[in-house]
There are 2 protein chains.
Amino acid sequence: MTKAAGMRAPACDEAAAGETPGWGGYVVEAQVGFLLRRAHQRHAALFQEMMGARDLTPTQFTALIKIVTCGAVTQNRLGRLTAMDPATIQGVVRRLVARGLVERAFDPADRRTHVLRATAAGLELARQAVACATEITAATLEPLSLAEQPLFLSLLKKLI
Amino acid sequence: MTKAAGMRAPACDEAAAGETPGWGGYVVEAQVGFLLRRAHQRHAALFQEMMGARDLTPTQFTALIKIVTCGAVTQNRLGRLTAMDPATIQGVVRRLVARGLVERAFDPADRRTHVLRATAAGLELARQAVACATEITAATLEPLSLAEQPLFLSLLKKLI
DNA sequence: GGTCAATTATTTGTATACAAACAATATCTG
DNA sequence: CAGATATTGTTTGTATACAAATAATTGACC
C-alpha cells in the first residue's frame with residue numbers, strides 16, 4: 001500500500017547537479033517558501049493516507065471539528081475560525097452538507113446567514129477522526145525528536 | 001454563546017472562546033498541519049504582495065528558476081526538481097510558455113519529451129525575481145530572530 | 001424614515017495539487 | 001527481434017485557495 005507518497009512527484013531528486021552558479025548563492029529549494037510548501041505537501045499526503053478511509057480532507061476535517069466544538073456557527077464565521085475565505089469555505093461546507101455531516105438552519109434574526117450544526121453522523125465521524133488526526137500529527141512530526149517537536153511548533157506559530 | 005469581538009478578515013480571530021471541552025485536549029488550531037497551512041498561506045500572501053508586479057506565482061517562479069539554473073530540462077524532470085506532479089507542472093509550464101518566458105524544443109533522441117529552456121525575457125525576469133524573492137524570504141522569516149531563523153529552517157527541512 | 005456603508009453568501013475566473021486513465025514512445029527481457 | 005514494462009506528456013475530475021463582482025440583508029447615521 002504505502003505507495004511511497006512521492007512516486008510521481010518525489011521532488012528534488014538528483015538535486016542541483018550541474019547547475020549554473022552566479023546567482024548570489026540563491027538556492028530555491030532552501031528558501032522557506034519552498035520548504036513550507038513541501039512540508040505541507042508531505043503532511044497532506046500523510047493525512048490522506050491515514051484519514052483516507054473516512055474520506056475527509058484536511059480542510060473538511062478542520063471545518064467539521066470547528067462546527068462540532070463551536071456548536072453553531074455561521075458560514076463566514078466558520079471561515080474566519082478556520083482561515084478559509086468565503087469562496088473556499090462555501091465549497092467545503094457544501095460538501096459536508098451533501099454528505100449529511102452538517103446541516104444548515106435559517107436564522108430568523110438574520111436572514112442573510114445560515115447557521116451550521118453537526119448532525120449525529122457528523123458528530124460521530126468527528127470523534128473517530130480526532131483520534132486519527134492525533135496519529136497524523138505524530139506521524140508528521142516523527143522526523144523530529146521529542147525535544148525538537150515543541151520547539152518547532154513554537155517557532156512555526158510565530159510565522160503566522 | 002460567543003463573544004463576537006471584532007470581525008476581521010484574516011482568520012482565527014476570537015479563537016476558542018466558549019468551545020465544548022471533552023476532546024482530550026485536541027485543539028485543531030495547534031496541530032502541525034493547521035499551522036503549516038497557515039504559514040504557507042502567509043508566505044503566499046507575502047509573495048503575491050511583493051512579487052505581484054512581475055506577475056509570477058510561487059510555483060511559476062520556482063519552475064522558471066529551475067529551468068534557468070539547469071539550462072535545459074524535460075517537463076517531467078522539472079516537475080521532480082520542483083516537487084510538482086506531471087499534471088501540475090503541465091499547467092505551470094504552459095503558462096510560462098504562453099508568456100514567452102520559456103520555450104520548448106523537440107528532442108530528436110527522445111520523441112516523447114519536450115526540452116525546456118528559458119528565453120531571453122525569462123532569463124531577465126528571473127534575475128529580477130531572485131532579488132525580490134530574497135526579500136520575500138526575509139519578510140516571511142521576519143517574526144523570528146536571526147538566531148531562530150536557521151534553527152527553524154533546519155527543523156523544517158527534517159519534515160520533508 | 002431614508003440613505004449609505006458593512007456583512008453574508010454566492011458566483012466566476014484563475015492557479016495550484018493530485019488521482020486516474022490514456023496514447024505515444026522508449027527500454028528492458030527473454 | 002518480440003513482447004512486456006516503464007516513462008513522458010496530456011486530459012479529466014475533484015478539492016483547495018483567492019480575487020473580484022454580485023444580490024440580499026443588516027446596521028448606522030442623519
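Per chain, numbering begins at 1; letters A, B, ... match sequence-line order. Computed over heavy atoms, backbone and side chain alike; hydrogens, waters and symmetry mates excluded.
One axis for each end of the helix from C:dG1-D:dC30 to C:dG30-D:dC1, each built from five base pairs, and the angle between them comes to 20° at 10° resolution.
Residues that satisfy the side-chain hydrogen bond (donor to acceptor under 3.5 Å, both in side chains) test with B:Arg104, not counting sequence neighbours, are B:Gln75, B:His114. Applying the salt bridge (Lys or Arg N to Asp or Glu O under 4.0 Å) criterion to B:Glu148, with sequence neighbours excluded, gives A:Lys158. Evaluation of the side-chain hydrogen bond (donor to acceptor under 3.5 Å, both in side chains) rule for B:Arg99 yields no partner, not counting sequence neighbours. Applying the side-chain hydrogen bond (donor to acceptor under 3.5 Å, both in side chains) test to A:Thr59 and every residue at least two apart in sequence or in another chain returns A:Thr57. Residues passing the side-chain hydrogen bond (donor to acceptor under 3.5 Å, both in side chains) test with B:Asp107: none are found, sequence neighbours excluded. For B:Gln128, the side-chain contact (heavy atoms from CB on, under 4.5 Å) partners at least two apart in sequence or on another chain are B:Arg54, B:Glu124, B:Leu125.
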For nucleotides 16-19 of chain D, print each protein N/O atom paired with a nucleotide N/O atom at under 3.5 Å, atom names and distance only.
| residue | atom | partner | partner atom | Å |
| --- | --- | --- | --- | --- |
| D:dT16 | OP1 | A:Thr57 | OG1 | 2.6 |
| D:dT16 | OP1 | A:Thr59 | OG1 | 2.1 |
| D:dT16 | OP2 | A:Gln60 | NE2 | 3.1 |
| D:dT16 | OP2 | A:Arg95 | NE | 2.9 |
| D:dT16 | OP2 | A:Arg95 | NH2 | 3.1 |
| D:dA17 | OP2 | B:Arg37 | NE | 2.6 |
| D:dA17 | OP2 | B:Arg37 | NH2 | 3.4 |

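Going from atom CD of A:Glu49 over to atom P of C:dA19 covers 11 Å, rounded to whole Å. One interatomic measurement links the two molecules: CD of B:Gln90 to C1' of D:dG13, which rounds to 15 Å at whole-angstrom precision. When the P atom of C:dA9 is taken as reference, atom CZ of A:Arg80 falls 9 Å away, rounded to whole Å. Taking atom CD of residue B:Gln75 and atom C1' of nucleotide D:dT11, one finds them 13 Å apart after rounding to whole Å. Put simply, CZ on B:Arg94 is 11 Å from P on C:dT14, counting in whole angstrom units.
For D:dT7, the OP1/OP2 oxygens have no side-chain nitrogen or oxygen of B:Asn76 closer than 4.0 Å.
For A:Arg38 and A:Glu29, the salt-bridge test fails: no basic side-chain N is under 4.0 Å from an acidic carboxylate O.
Within the structure, ring-ring contact (aromatic ring centres under 6.0 Å, His included) pairs that include any residue of residues 117-155 of chain A comprise A:Phe152-B:Phe152 (at least two apart or interchain). Sequence neighbours left out, the pairs with a member in residues 108-123 of chain B that pass salt bridge (Lys or Arg N to Asp or Glu O under 4.0 Å) are B:Asp110-B:Arg112.
At a non-hydrogen distance threshold of 4.0 Å, A:Arg104, A:Arg112, A:Thr113, A:His114 from residues 96-114 of chain A come into contact with DNA chain C.
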Please report, to 0.1 Å, the donor-acceptor pairs under 3.5 Å made by any side chain of residues 132-140 of chain B, with sequence neighbours excluded.
| residue | atom | partner | partner atom | Å |
| --- | --- | --- | --- | --- |
| B:Thr134 | OG1 | B:Val130 | O | 2.9 |
| B:Thr137 | OG1 | A:Gln31 | OE1 | 2.7 |
| B:Thr137 | OG1 | B:Ala133 | O | 3.2 |
| B:Thr140 | OG1 | B:Ile136 | O | 2.8 |

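Under a 3.5 Å cut-off, the side chain of A:Thr88 and the backbone N or O of A:Met84 do not form any donor-acceptor pair.
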